[in-house]
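Below is one structure, written out as structure tokens, with a few remarks after it.
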Amino acid sequence: MTASTDTTRYARIAVQRGFDRHPEGLVYSIPASLHSVGLGDHVTVPLGRGNASVDGVVVGFGGSELLGARLTASRIKPIACVDSTIDPIPAIVIRLAQWISSYYCAPIGVTMAGITPSAVRKGIGRKSHIAVDLAQAPPTTTRIHPKRQAVIDALAHRDPSTRPVDIDVLRAECDLATHAPILALIKSGHLEATHRSSVQARWRESIVEDARAWTPTIEQQSVIESVSGALREGFSQHLLFGVTGSGKTEVYLRLAEQVLMMGKSVLYLVPEISLTPQTGGRIIARLPKQRMAILHSGLTAAQRHEQWIAAAQPGSKIVIGARSAVFAPVADGELGLIIVDEEHDSSYKQDQAPRYHGRDVAIRRAQLSACPILLGSATPSLESWFNATTRGVSRLHQLTHRAPGLRTPRVEIVDFRREIVLHRDRRVHLIGPTLEVALRQAFAAGGQAIILLNRRGYANWIACPDQSCGWMMQCDHCEAGMVVHHDSSTGSKERFTRCHHCHAEQKVPTRCPRCAKAVTIFGLGTQRIEEELNRLFPDLASQGKFARVDSDSMSKASDFHDTLGRFARGDLRLMVGTQMIAKGLDFPNVQVVGVISADTALNLPDFRASERTFQLVSQVSGRCGRSAQDGRAIIQTFQPDAEPIVAAARQDFVGFATRELAARHRFGLPPIHRLARAIIRHENRSEAQRIAAHLRAQLVSLPEARDVVIREPVPCPIARISDRWRIQIEILAATPAQLQQLLAAARSQAIVVPGEVLAVDVDPVALL
Ligand code: ADP
Ligand code: ZN
Ligand code: ZN
């Protein structure tokens, strides 16, 4: 057969194993038996010499032109089968994945694999969540098969309070081999099916939420009106800069209601699992009848599956979730609004391939869906601020006051150098007298408190006391110090050390391996704060009124959810934790917020250190004063004059952002310029250096590199992780297009092949 008579149809398949040489997916032929295969369908294809069966998604179609010069028709394998039980991925989501694959330099297969949860691909928990009941108005004319009549009878004989009944239960009760008779009855209209959601049912019962719809303030009303004016006008981008407690959620909910009333759907993104229960609870309370889906990584496989199906079902709904919910299978043409709450939050950025930023992908999705997108924050990212105030690509809306009934928190900077000397004993004190007194007053008045320390574990330095020796315990596999942890699970208080980069564990040494002096353990961690709080407030501690909230103590999303529920009900008086508790949460009885050390973020070797510190201090301070009671935020620091801390205490975002943008401008940094980072990782240090030098030389030689700055390779701030040395090359361009052209050229010429050795991070948010 010659190419001109070849009428075979071909499909491009994003297979789950990543092959960067084929950024658009691998080509397979479509056998006649599968001619109805469609875009976004989940398929199984043979791969490699052994023809291993792998999952993939159809991302494109074509004729023999797909073969190009290198492929011959006879060597193309056919698609093996189509899994029609999984809802296809909507076309817009496929275009989104293609954009991610090219913009963030990630293979399409890896990108697509992150889009359909594995529970959905594997069919986990598929059937068990359908509940069935007798139809309100069943058809009267059709004759019913006896087997099916038995199902109807079984349901009719049930007590109405036990209906609807789970489809599996009904099947067992009627002694059926398959669900087919029940499904047939649903199809014929004799039975009604409802998708039951265990996730939503659970949130409904356990979140204590105020369902009141507030009368919007004049400020809120004006934001609602101006965004709602854009709801029918296709794509537009909006930034809502509203101080903490200004009632941004109320604005989101009112706009969401309008969109739902238009018969469209809303995608509502929140940065972390931690914020999903509270936001979910609020939305459920306000819109109890509204169809919704909740998508995040903390769900069980079966729950993810059930929620994914709920998102894919046609009809207006609200889909809430963390980063990956941006890929929700909401049908094309159905989205009416995307909301990105706490848009500045760095957890929107995925730290493994594909290294996409959920906010930026959401903007792209809104463009493709021709709907508005609303980004909101009390501390907007400089990227979004720059877009709204300088580049003019997004409209700025402001809420300058807290909602009625809320107080402005009093933020006090405490110079910790002075505080330590006030302590009489020689113990380690991480809570200074000012914070301690404030906590005592709050507890005495029946109030609650939140304490933030952005570091897990007990203490982060294990070292020789002798300065002339200078030994410090490091991980054997990383260029990083080990952190002491207490094993709280056993109650034995056993201590061990753990590396926060590769998770290796070791015993706590008692003597210095070089000079045999007894080691000292110092530094801070949430477990040490917990210990000190137990000592300071033994009564509350013994009543179980404290909770430590970090990724060690909250291994499951439900742990965190339960803890928030106990805090909301007042069973807990204090939460101490990492940034998990610093943002978004709205609890009216919080009278004191303490920051143990505002310096932890400030001293990171990252050009965003100031921005992060400003955000953290502002956000955590914003957790108090959410009622008529006074709120105090006490910020302990060794650098009380540091600009971001002072600006955050004064709640002066605009001043901070203006100065910081000017500095970024001077140094040619984002958001003024675009940054990408190539990271070379190799067990052998000199090999890593060699590869990096070679890569840079090749990049520099490309014509697309002319107006782009490609820095010399240097070791990453953490120079080795998990036995692999890490070298980085920073690439800076004046425009995103320049950066993209360079990367695309490097990729098509196989100069840049992301994989084990090379990682490419476009618009990185962390530079370690
Ligand atoms: P933000 O997200 O801006 O920090 P929230 O949306 O959490 O603020 O709102 C803070 C509190 O103010 C919430 O408890 C909310 O119910 C309340 N609130 C919001 N809008 C109003 C309003 N117009 N009148 C009274 N209270 C309001
Ligand atoms: Zn390590
Ligand atoms: Zn020593």
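In listed order, ligands and their atoms are each counted from 1. Residues take their numbers from the sequence shown, with the count starting at 1.
Only the side chain of A403 comes within 4.0 Å of ligand 1, counting heavy atoms alone; its backbone N, CA, C and O stay farther away. Neither the backbone nor the side chain of R402 has any atom closer than 4.0 Å to an atom of ligand 1 (non-hydrogen atoms only). Residue D341 does not touch ligand 1, judged by heavy-atom distances below 4.0 Å.
For residue C499, an N/O/S atom approaches the Zn ion (ligand 2) to within less than 2.8 Å. Backbone or side-chain N, O or S atoms of C502 reach the Zn ion (ligand 2) at under 2.8 Å. The Zn ion (ligand 2) has no N, O or S atom of H501 inside 2.8 Å of it. For residue C478, an N/O/S atom approaches the Zn ion (ligand 2) to within less than 2.8 Å.
Within the 4.0 Å heavy-atom shell around ligand 1 one does not find G405. Under a 4.0 angstrom heavy-atom cut-off, G242 registers as lying outside contact with ligand 1.
The residue from A378, G247, S627, P588 that puts a heavy atom closest to atom 19 (C) of ligand 1 is G247. Nearest residue to atom 22 (C) of ligand 1 from W214, Y252, F587 is W214 (criterion: closest heavy atom).
Between T215 and ligand 1, at least one N/O pair is under 3.5 Å apart. Of the polar atoms of G245, at least one N or O is found under 3.5 Å from an N or O of ligand 1, judged by distance alone. Here's the thing with R623: none of its N/O atoms is less than 3.5 angstrom from an N/O atom of ligand 1.
Relative ring orientation between Y252 and Y268 is described as perpendicular, the plane-to-plane angle rising above 60° on a 0-90° scale split at 30° and 60°. Below 30°, between 30° and 60°, or above 60°: for H500 and H485 the angle between ring planes is above 60°, a perpendicular geometry.
A 4.5 Å side-chain heavy-atom check between R402 and R626 finds at least one atom pair inside the cut-off.
Just one residue in the list L267, V259, V266 forms a side chain to side chain contact (heavy atoms under 4.5 Å, CB included) with L335, and that residue is L267. For the side-chain hydrogen bond (donor to acceptor under 3.5 Å, both in side chains) with S381, the lone residue among R359, H344, E611 that qualifies is R359.
Ion pair E756/R724 flagged as a salt bridge, since at least one NZ, NE, NH1 or NH2 atom sits closer than 4.0 Å to an Asp/Glu carboxylate oxygen.
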Next item on the list: Decide side-chain contact (heavy atoms from CB on, under 4.5 Å) for R681 and S722; before the verdict, give the C-alpha distance in whole Å, the side-chain angles of both, and the deciding distance to 0.1 Å.
Entry: CA-CA 10 Å; R681 303 162 296 189; S722 295; over 6 Å; no
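Near V243, with a cut-off below 4.0 Å to any heavy atom, the atoms of ligand 1 are 3 (O). Atoms of ligand 1 lying under 4.0 Å from any heavy atom of T244, numbered from 1 in the order shown and given with element: 4 (O). Counting the atoms of ligand 1 from 1 in the order shown, those under 4.0 Å from a heavy atom of T217 are 23 (N).
Rounding to the nearest 10°, we obtain 110° for the angle at the Zn ion (ligand 3) between C512 SG and C469 SG. Geometry note: the Zn ion (ligand 3) is the vertex, C515 SG and C464 SG are the arms, and the angle is 100° (rounded to 10 degrees).
Using modelled atom types and a 3.5 Å distance limit, the side chains of N454 and T600 yield no donor-acceptor pair. Residues S226 and H397 bring a donor and an acceptor atom of their side chains to less than 3.5 Å of each other.
For S610 (side chain) and P644 (main-chain N/O), no donor-acceptor pair under 3.5 Å exists by modelled atom type. A donor-acceptor contact shorter than 3.5 Å is absent between the side chain of E342 and the backbone of P271.
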